[in-house]
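Written below as structure tokens is the structure these notes are about.
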Amino acid sequence: MATSPSRPPLAPLVSTEGEKHAEFKRRRDDYSYFKVPAGGETPYLNQGWEVEKVLKRQVRLKKRKPLDRQFEDLVWRLFYRMGYDDLNRGHDFTIQYRGSDGSLHEKQIDIFCKDGETVVIGECKCCDEYKPRSLSKDLAETIGLKKAFANAIRAHYGREFKPKILWFYFTDKVLWSKPDRSKADSENIHVMTERELDYFSQLAEHLGRATKYQFLAEYLGGQKIPEMRDSKVPAIRGKLGGKVFYSFVSTAEQLLKICFVNHRTLADPLALPTYQRMVKRARLRSIGDYLKSGGFFPTNILINFDERRPFDRKGGDANNDVQFGDLHLPERYKSAWIVDGQHRLYGYSVIDPKFSKQNIAVIAFEGLKREEEANLFVTINHEQKSVPRTLLDELDADLKWGSTNPTERLAAMAARIVQTLTEEVGGPLFRRVIAQGIQGDDVMCLTMPELKGGIVRSHLIGSLAQKRKLLVDGPLTGDSDLATVKRASATISSFLQNIRSANPSRWDLGREGDLSTNVGLRALLLVFNSLIVHAESKKKNFDARNAEPSEIVDNILPFARPLGEYLRDEPDSSFRERFGRTKYGSGGPPTYFYELSEIIHEADPTFCPDGLLEHIASKDNERIEAATKTISFIENRVSDIIFDHFKKLHGDKYWNQIGTPQMRVKAYERQQSDEPEKQLEIEAYLDFIDKKKIIEKQENWEVFKKYFNIPLPGEKGQAKNLRWMDRLNELRRVVAHSHKRAFKSDDLDFLEWIKAEFEKRLLEAV
């Protein structure tokens, strides 16, 4: 469409710090705000606005922003924190451009950011839930406008400005199709999903402006940095452990441009190992304060150049291990990896940029493999309290990739599988596993060590034999370790997705749902392996080891149907009663596994994993013991309530007022039949059914009904709901004559129910 001649080619922009901060504050909230005079009708209240507060003569209204606006604001805030010079204001920013016929047009753009070297142009796409979304038309439009937009930017900022333009699609809960993703990659359009946004947003909270260098390293890796052209520093070159190293002094300003930390939170789970933990904000601030006060670090930052560096030797024999000269620093993004010292370097990011010109001592190796970097990191840090033990556990698994030791090899594959599941956008474990350095919550409550151990103990990818000297294939083992990771990841993801779909709300609650927890996931992995074994025994032509992931899941789902139906239909209260996290301690996964297995076993008795029958038997013994205690508890409390009432009314002569003469005579005869030294108080010989008759007697009912008026499930229209006492009396006989009759499952269910109901009335009567 034609543009207004008064509107600038790129508008509206914010460029000053004050403008940017005001825009940041506006985008920080999830609500839009508006003030109107108090009193009278206002149409805004009919459009979803809510009154927030009244200030004198004005009413402040608020309305939740649409989902797409919230997402755009989230992305915008990231680039604000990274310190870009110019950013778009509001949601009506447009780029004015010329069409092929020379006519002027304009296009609304969600994200526009510019600094001295780069321009970011981005479109934001989001969904309210994970689902496929075609972006082919949007991509085609972006591709068609790239050249025109580049010309418009140069025309606006001047022809001498030759930035690197980064084209982005920022997406949340969008499941990209392979053709769309391939098209974006082929046209150099970057895709930043919620996974990368989570990472960079967390990083920006800690690093501030320095996050930009991590961002550019990720998306401009290998491209030249004009400011680093022909940068040289005096250096000493030598060898340590047969590896070439350089010792020199540089500045934070230079190092921040070329250095990159391969954080575990942005790692490709199938790529080389990563080892750095996320920086800590408090530590950066303390380092920044130290630097501002004139402090410095006498220890070296340790980095690794990804390739050999030119070195102009100026002194020392060429054959000597130590030489002097000028080292040419890299002039490309992502060319120097920080092995150790990230906090010391990034401490400069939270203070005034003028301090970034201070000297920093550096030791730099060249061409170290990632495994060698990680080993150096462990060697330096394994005794320090600042390095979490869990990180070193994960590292150990990564570093043992391809090990000939079966235990180490199994752990390494399991860790890679967990990482793969974690990175699957929209998958059952996406955004559910706590990344090192990122705060977990009730939803993000799973941990790498627990899930890794769960995969190992499930035997899905193999089991150890002959005193841990041999790794025996499991049903999900592939032809190689990498094939195993890919095959197992796909199969486990598909299985867990089916579990999740049975009750998505319970799954997505995380810790509060008591299903997608560490204990729950480990139990589900055990169930999955047992279902595979069971399916192989039932289906003659099914061999999981030689089946595709989809075939494996398709073959076990019919046997898993009772579990899916239970998860779908069971009320939250009873599910929590059976699987609540407070019930499971360190030995939780096996017990949780047996409880899940029992659900399947009840529908199909042939499904019987090792140990299940013993678990059921032991659980029944516990229930029987609890049932006996319940009967005794209720009988004693019934007696206490009755006798306390009559004692208050009649004092020492209460016995003559209880029940009928026949009841009292029968009780007396029973007492006398016992040997004198074994005789109890006479009231102990009153039958339980006689107590029921005392309770339901008209003159006593008004006193006792608050305790004992308990209708059975489905029972209606009873004036006195005491039939439960008849059934309890029958079950008393089971305790007295256990050699003739045993408790049935519904007996135990009834006793658990009546105990809960009776206790509730006791509390209400207090």
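Predicted model only: the values in this text are computed from it and were never measured.
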How far apart are the closest heavy atoms of Ile552 and Pro475, and which atoms are they?
CD1-O, 4.3 Å

Taking Ser537 for the side chain and His534 for the main chain, is one N or O donor matched with an acceptor at less than 3.5 Å?
yes

Does the distance from a Lys or Arg side-chain N to an Asp or Glu carboxylate O, for Asp172 and Arg431, drop under 4.0 Å?
yes

Tell me, yes or no, whether the heavy-atom count around Tyr668 atom OH, taken from other residues, nucleotides or ligands under 6.0 Å, exceeds 12.
no

Is it true that the NZ or CZ of Arg727 lies under 6.0 Å from the centre of Phe750's six-membered ring and within 45 degrees of the ring axis?
yes

Using a strict 4.0 Å threshold on nitrogen-to-oxygen distance, state whether Arg723 and Glu715 make a salt bridge.
yes

Treating Glu536 as the side-chain partner and Ala544 as the backbone partner, does any N or O pair qualify as donor plus acceptor under 3.5 Å?
yes

On the ring face of Phe575, is Arg506 found with NZ or CZ under 6.0 Å from the centre and within 45° of the axis?
yes

Hey, what do you get for OH (Tyr685) to CD (Glu681), rounding to the nearest 0.5 Å?
9.5 Å

Ring centroids only, cut at 6.0 angstrom: are Phe607 and Phe559 within range, meaning strictly under it?
no

Check this for me: Asp652, atom CG, are more than 12 non-hydrogen atoms of other residues, nucleotides or ligands nearer than 6.0 Å?
no

Within this structure, what is the OG-CG distance for the pair Ser516 and Asp508, rounded to the nearest 0.5 Å?
7.0 Å

So, does Ser597 use its side chain to make a donor-acceptor pair with the main chain of Phe593 at under 3.5 Å?
yes

Minimal non-hydrogen separation, Ser493 against Leu421, with atom names:
CB-CD2, 3.7 Å

One thing to verify: whether Glu595 and Arg578 come together as a salt bridge, which I'm taking to mean a side-chain N less than 4.0 angstrom from a carboxylate O.
yes

In short, Gly520 meets Tyr592 closest at the heavy-atom pair CA-CZ, 3.9 Å

Under a 4.0 Å threshold between the charged nitrogen and the carboxylate oxygen, would Glu764 count as salt-bridged to Lys706?
no

May I ask you to say whether Asp690 pairs ionically with Lys666, meaning some side-chain N is under 4.0 Å from a carboxylate O?
yes

Hey, does Met663 have a side-chain heavy atom less than 4.5 Å from the side chain of Ile658?
no

Report yes if the side chains of Leu563 and Ile499 come closer than 4.5 Å at any heavy-atom pair, otherwise no.
yes

Does Arg511 come within less than 4.0 Å of Asp441, counting only side-chain N to carboxylate O?
no

Side-chain donor-acceptor pair present, Asn555, Lys539, cut-off under 3.5 Å:
yes

I'd like to know if the side chain of Thr447 pairs up with that of Lys452 as donor and acceptor (distance under 3.5 Å, no hydrogens or angles considered).
no

Check the orientation of Tyr594 and His615. Use parallel for under 30°, tilted for 30 to 60°, and perpendicular for over 60°.
parallel

Between Asp687 and Arg670, does any side-chain N to carboxylate O distance fall below 4.0 Å?
yes

I'd like to know if Lys697 pairs up with Glu699 as an ion pair, taking the criterion as any Lys NZ or Arg NE/NH1/NH2 lying under 4.0 Å from an Asp or Glu carboxylate oxygen.
yes

Other residues, nucleotides, ligands: >12 heavy atoms within 6.0 Å of Asn656 CG
yes

Would you mind reporting whether Phe579 and Leu596 have side-chain heavy atoms less than 4.5 Å apart?
yes

Exactly one of Glu759, Glu752, Glu757 clears side-chain hydrogen bond (donor to acceptor under 3.5 Å, both in side chains) with Lys755, and that residue is Glu759

Approximate separation, where rounding is to 0.5 Å, of Ile642 CD1 and Ile695 CD1
4.0 Å

Please answer whether the main-chain N or O of Ser458 pairs with a side-chain N or O of Asn529 as donor and acceptor at a distance below 3.5 Å.
yes

Run the side chain to side chain donor-acceptor pair (under 3.5 Å) test on Asn729 and Asp726 for me, step by step, so that the C-alpha distance in whole Å, both residues' side-chain angles and the decisive distance to 0.1 Å come before the verdict.
CA-CA 5 Å; Asn729 190 52; Asp726 294 325; over 6 Å; no

N/O donor-acceptor pair under 3.5 Å between Trp753 side chain and Pro713 backbone
no

Hey, what's the ring geometry for His645 with Phe704, parallel, tilted or perpendicular (30° and 60° as the breaks)?
perpendicular

Gln679 versus Gln672, closest heavy-atom pair with distance:
NE2-CA, 3.9 Å

Within a 6.0 Å radius of atom CG on Asp640, are there more than 12 heavy atoms belonging to other residues, nucleotides or ligands?
yes

When rounded to the nearest 0.5 Å, the distance separating CZ of Phe430 from OG1 of Thr422 is 9.5 Å

For a quick test of reading the model, state the closest non-hydrogen atom pair linking Trp701 to Asn721 and the distance between them.
CH2-N, 4.4 Å

I want to check something: taking the side chain as every heavy atom from C-beta on, are Leu446 and Leu429 in contact at a cut-off of under 4.5 Å?
yes

Would you give the length of the straight line joining atom OG of Ser673 to atom CD of Glu669, rounded to the nearest 0.5 angstrom?
9.0 Å

Is Asp479 atom CG crowded by more than 12 heavy atoms from other residues, nucleotides or ligands, each under 6.0 Å away?
no

Side chain of Asn405, backbone of Thr407: donor and acceptor closer than 3.5 Å?
yes

Please check if the number of heavy atoms outside Lys629 that lie under 6.0 Å from its NZ is greater than 12.
no

Basic-acidic side-chain contact under 4.0 Å: Glu696, Lys693:
no

Kindly say whether Ile616 contributes a backbone atom to a donor-acceptor pair with the side chain of Glu598 at under 3.5 angstrom?
no

Enter the distance from Leu531:CG to Ile556:CD1 here, rounded to the nearest 0.5 Å.
5.0 Å

Between Phe495 and Arg500, is there a cation-pi geometry (under 6.0 Å to ring centre, at most 45° from the normal)?
no

Provide the closest heavy-atom pair for Gly478 versus Thr484 in the form atom of the first, atom of the second, distance.
N-OG1, 2.7 Å

Determine, step by step, whether Glu602 and Tyr566 satisfy the side chain to side chain donor-acceptor pair (under 3.5 Å) criterion, reporting the C-alpha distance in whole Å, the side-chain angles of both residues, the deciding distance to 0.1 Å, and the verdict.
CA-CA 11 Å; Glu602 288 172 353; Tyr566 174 87; over 6 Å; no

